[in-house]
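Inspection log for the structure reproduced underneath, given as structure tokens.
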Amino acid sequence: MAPQTRRTSSFPKVIIEKDSDSEQSSSEEEEEEPEPEPEEEEEEEEEEEVSERENGKEVEETLDTKRKGKSPICISLKKVCKVCKKAGHEAGFKGATYIDCPMKPCFLCKMPGHTTMTCPHRVATEFGVIPASHRNARNPLTYVFERQLRPNKSRIKPAYVIPDQVSCAVIRYHSRRVTSLEFHPTNNNILLSGDKIVYGNIHWSILNNMRFNPVNDGTVYAASSDGTVSCTDLETGISSSVLDVNPDGWQGPTNFRMLYGMDIHKERGVVLVADNFGYLYLVDIRSNSKTGEKILIHKKGSKVVGLHCNPVQPDLLLSCGNDHFARIWDMRRIEANSSLYELAHKRVVNSAYFSPLSGSKIVTTSQDNRLRVWDSIFGNLDSPSREIVHSHDFNRHLTPFRAEWDPKDPSESLVVVGRYISENYNGAALHPIDFIDISTGQLVAEVMDPNITTISPVNKLHPRDDVLASGSSRSLFIWWPKDKCEPAEQKDEGKIIVCGKAEKKRGSGKFGDDSDDSDGDTFSSKGKNSKSKKSNFKSSKSTQKKFRR
DNA sequence: AGATGATGTAACC
DNA sequence: TGGTTACCCTCATC
């Protein structure tokens with residue numbers, strides 16, 4: 001074997017280009033570039049470049065081995081934009097304000113020509129929201145809803161009761177990101193949270209969705225990426241698998257089925273669950289076993305991330321998934337390609353929910369950074385009645401964002417959704433949880449706390465109380481009006497049940513043992529558990545809730 | 001304070 | 001169609 005040796009005489013000179021520490025503007029950079037031999041510089045540009053980037057600096061070597069072997073290796077340590085890799089500007093945080101790369105489309109609305117800073121949708125969420133057209137499509141849904149629901153709909157929209165300030169409890173119990181939250185249907189003091197489980201426990205993979213059993217709210221069903229649906233008794237903690245869509249076990253990553261969307265059809269007594277290949281499965285609640293055959297409801301091979309039964313017309317099923325569609329089905333005759341409506345989106349649909357009272361509206365969260373409202377009475381289902389630009393980008397480290405209805409709002413227009421992009425609030429980059437009026441597109445309220453700097457993609461409003469539960473990377477946040485006592489103190493049985501792998505030494509150790517610490521201990525003020533990352537913030541008991549205009 | 005890496009998937013070709 | 005790649009405001013830990 002002949003060792004590759006380079007003759008010292010032909011070893012090229014190494015030139016290191018650097019930014020000067022004080023100057024960063026592109027024009028000045030060009031002036032400062034060392035140009036030892038102008039002719040060779042020109043040659044360099046024609047050569048193939050092998051470049052690596054590290055920490056916003058570009059290290060690039062220009063190899064000239066096949067020619068004279070004499071022109072210099074040029075290592076450039078010039079600062080480049082970490083987004084577009086070009087010099088002359090830099091994207092990233094300047095303090096608590098994020099500066100966008102001007103070469104990329106707006107990170108918020110995805111349109112070219114401006115950045116998030118100047119995006120009209122950032123200034124006002126209602127920008128570009130067109131009033132719904134009062135088309136009357138005379139479709140079958142319209143008749144059903146008009147006859148059955150109009151009398152119950154209030155004519156005057158009541159004002160939202162949103163407190164100026166809220167208190168927040170931080171629960172650090174999950175060892176991985178929170179994926180799912182569910183309030184107990186009857187017991188005000190029970191909240192269920194699911195996480196991305198690492199190993200062990202009821203499921204060995206991500207818990208994607210869970211629902212209380214509507215006929216026996218002491219049990220909970222959960223769908224997981226491990227391909228099973230579990231049924232767990234909350235009193236005993238005993239869990240059983242009621243569906244396994246991989247009866248032959250692991251047959252490779254392309255064959256393994258994972259379960260995402262799930263809901264329970266109370267009247268029919270079935271759990272509806274869908275997989276990552278486009279199929280719907282039914283599980284009979286009485287026998288806790290699979291019933292019927294799987295049905296293709298979305299594009300073959302695409303993930304079905306959400307299922308929701310209409311609260312008033314339970315035979316109407318709403319599904320959504322990665323094929324960019326949400327679909328409405330008639331449960332009485334559901335088979336491939338038989339959907340009543342197809343709600344088209346530009347990107348993946350993270351969630352689709354019927355409005356909680358009348359079931360006549362649908363709100364969807366799509367990865368094109370838009371919330372869409374579909375109204376079966378005042379609009380039609382051919383196109384959304386409203387599109388609201390809102391930052392909830394897909395990110396591999398985050399649970400996908402899902403806009404959730406406020407179940408207590410009689411006008412069915414209030415929606416809660418976490419925000420991806422941050423805003424500079426007194427020097428801290430915070431990601432508020434947004435309350436949006438979908439009838440106007442207006443941002444009604446934004447919930448935030450200077451101590452909570454993480455993103456909260458999972459949010460759920462309490463069915464009866466003024467309580468918001470938020471799920472973040474590893475924490476749960478419980479928000480309630482500041483003037484009220486802590487939720488768990490309202491009744492004597494406060495209890496939070498956390499599904500997932502418990503990491504017991506985390507946080508303040510309030511959950512360190514398995515005893516039912518019910519009252520004050522269960523909720524602790526955020527000051528105790530969460531360390532303030534920004535020293536310029538004092539840990540205040542109450543949280544700012546800012547109103548725009 | 002700055003570097004590290006765990007990590008899943010949508011969109012593209 | 002399947003394989004490849006980027007991924008741009010994570011976040012906890014060292």
Side-chain angles (χ1 to χ4, degrees), chain A residues 53-57 80-86 89-112 115-117 119 122 170 172 174-179 195-199 205-206 208 225-226 252-256 258 260 276-277 298-305 321-325 345-350 366-369 390-401 418-425 428-432 448 451-458 471-475 503 505-507 529-531 533-535:
Chain A
R53 276 128 199 147
E54 285 168 10
N55 307 324
K57 300 218 175 188
V80 293
C81 171
K82 65 180 176 186
V83 176
C84 73
K85 321 295 183 205
K86 292 196 175 73
H89 64 273
E90 273 183 90
F93 276 106
K94 281 270 182 292
T97 305
Y98 190 90
I99 309 297
D100 266 326
C101 170
M103 310 300 282
K104 291 271 181 171
C106 172
F107 196 66
L108 174 54
C109 74
K110 310 301 175 196
M111 303 301 281
T115 65
T116 317
M117 293 294 270
C119 180
R122 180 178 164 273
V170 175
R172 307 191 94 209
H174 286 277
S175 64
R176 287 293 186 273
R177 69 172 189 237
V178 177
T179 57
D195 76 9
K196 181 195 173 305
I197 302 159
V198 224
Y199 44 82
S205 188
I206 305 177
N208 291 308
S225 289
D226 65 7
T254 51
N255 295 309
F256 194 78
M258 308 187 221
Y260 285 84
N276 56 332
F277 288 90
H298 277 262
K299 186 181 168 186
K300 200 169 186 177
S302 75
K303 198 187 342 176
V304 183
V305 290
N322 285 24
D323 62 353
H324 300 191
F325 281 100
H345 293 71
K346 293 211 171 62
R347 285 281 184 273
V348 167
V349 190
N350 289 346
S366 173
Q367 287 185 14
D368 65 354
N369 261 5
H390 178 264
S391 173
H392 48 252
D393 287 75
F394 171 79
N395 179 311
R396 75 176 124 164
H397 307 284
L398 302 173
T399 305
F401 288 83
R419 197 193 303 174
Y420 189 104
I421 51 172
S422 64
E423 197 87 41
N424 182 346
Y425 294 99
L430 304 181
H431 307 266
M448 72 210 114
N451 291 303
I452 297 170
T453 55
T454 55
I455 294 174
S456 302
V458 188
S472 182
S473 50
R474 292 198 190 175
S475 302
E503 199 163 293
K505 291 283 153 56
R506 203 162 280 285
N529 279 356
S530 64
K531 269 188 279 178
K533 287 180 181 164
K534 311 270 174 188
S535 55

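Chain naming here is simple, since letters A, B, ... match the order of the sequence lines and numbering starts at 1 in each. Just so it is clear, the model here is predicted, and its values are computed rather than measured. These numbers come from the heavy atoms of this one structure, side chains and all, not from hydrogens, waters or symmetry mates.
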Under 3.5 Å, which N/O atoms of the protein pair with N/O atoms of nucleotides 10-13 of chain B?
from: B:dA10; atom 1: OP1; to: A:Asn322; atom 2: ND2; distance (Å): 3.2
from: B:dA10; atom 1: OP2; to: A:Asn322; atom 2: ND2; distance (Å): 2.4
from: B:dA11; atom 1: OP1; to: A:Arg347; atom 2: NE; distance (Å): 2.8
from: B:dA11; atom 1: OP2; to: A:His324; atom 2: NE2; distance (Å): 3.3

Over how many whole Å does the gap from [X] atom [atom1] to [N] atom [atom2] extend?
X: A:His397; N: B:dT9; atom1: NE2; atom2: C1'; value: 12 Å
X: A:Asn369; N: C:dC7; atom1: CG; atom2: P; value: 16 Å
X: A:Glu90; N: C:dC9; atom1: CD; atom2: P; value: 14 Å
X: A:Met258; N: B:dG8; atom1: CE; atom2: P; value: 9 Å
X: A:Asp393; N: B:dT9; atom1: CG; atom2: C1'; value: 14 Å
X: A:Asn451; N: C:dA12; atom1: CG; atom2: C1'; value: 17 Å
X: A:Lys196; N: B:dT7; atom1: NZ; atom2: P; value: 6 Å
X: A:Phe256; N: B:dT9; atom1: CZ; atom2: P; value: 13 Å

Are A:Lys303 and A:Val348 close enough that some pair of their side-chain heavy atoms sits under 4.5 Å apart?
no
Is the shortest heavy-atom distance from the side chain of A:Val304 to the side chain of A:Asn276 under 4.5 Å?
no
A:Tyr260 vs B:dT9: side-chain N/O to OP1/OP2 distance below 4.0 Å
yes
Any residue meeting ring-ring contact (aromatic ring centres under 6.0 Å, His included) with A:Phe107, in chain and number order, not counting sequence neighbours:
A:Tyr420
Considering residues at least two apart in sequence or located in another chain, which fulfil the ring-ring contact (aromatic ring centres under 6.0 Å, His included) criterion with A:His345?
A:Trp374
Report all interatomic pairs (protein N or O, nucleotide N or O of nucleotides 1-3 of chain C) with separations under 3.5 Å.
none

Suppose we screen for salt bridge (charged side-chain N to carboxylate O under 4.0 Å, His left out). Which residues come up paired with A:Lys299, at least two apart in sequence or across chains?
none
Taking all atoms of both residues into account, what is the closest heavy-atom pair of A:Phe401 and A:Leu398, and its distance?
CE1-CD1, 4.1 Å
Write down the atom of A:Pro457, the atom of A:Ser472, and the distance for their closest heavy-atom approach.
CD-CA, 4.2 Å
Can a donor-acceptor pair be found between the side chains of A:Asp195 and A:Ser175 at a distance below 3.5 Å?
no
Verify the distance criterion only: is there a donor paired with an acceptor across the side chains of A:Ser473 and A:Thr454 at less than 3.5 Å?
no
Can you tell me how the ring of A:Phe93 sits relative to the ring of A:Tyr98, calling it parallel under 30°, perpendicular over 60° and tilted otherwise?
perpendicular
Using both pair distances under 3.5 Å as the test, note the stems of at least 3 consecutive Watson-Crick or G-U pairs that include DNA chain B.
B:2-6 with C:10-14, B:8-13 with C:2-7
With A:Lys196, which of A:His174, A:Arg474, A:Arg176 fulfils side chain to side chain contact (heavy atoms under 4.5 Å, CB included)?
A:Arg176
Rounded distance in Å between the P positions of B:dT7 and C:dC14:
15 Å
From the list C:dC9, C:dT10, B:dT7, which nucleotide is the closest neighbour of the side chain of A:Asp100?
C:dC9
Among the nucleotides C:dC9, C:dC7, B:dT7, whichever has the atom closest to the side chain of A:Thr116 is C:dC9
Closer to the 5' end of DNA chain C via nearest nucleotide, is it A:Phe107 or A:Ser473?
A:Phe107
Side-chain donor/acceptor of A:Arg396 to base of B:dT9, under 3.5 Å:
no
Quick test of your reading of the model: are A:Asp393 and A:Lys110 salt-bridged, counting only N-O distances below 4.0 Å?
yes
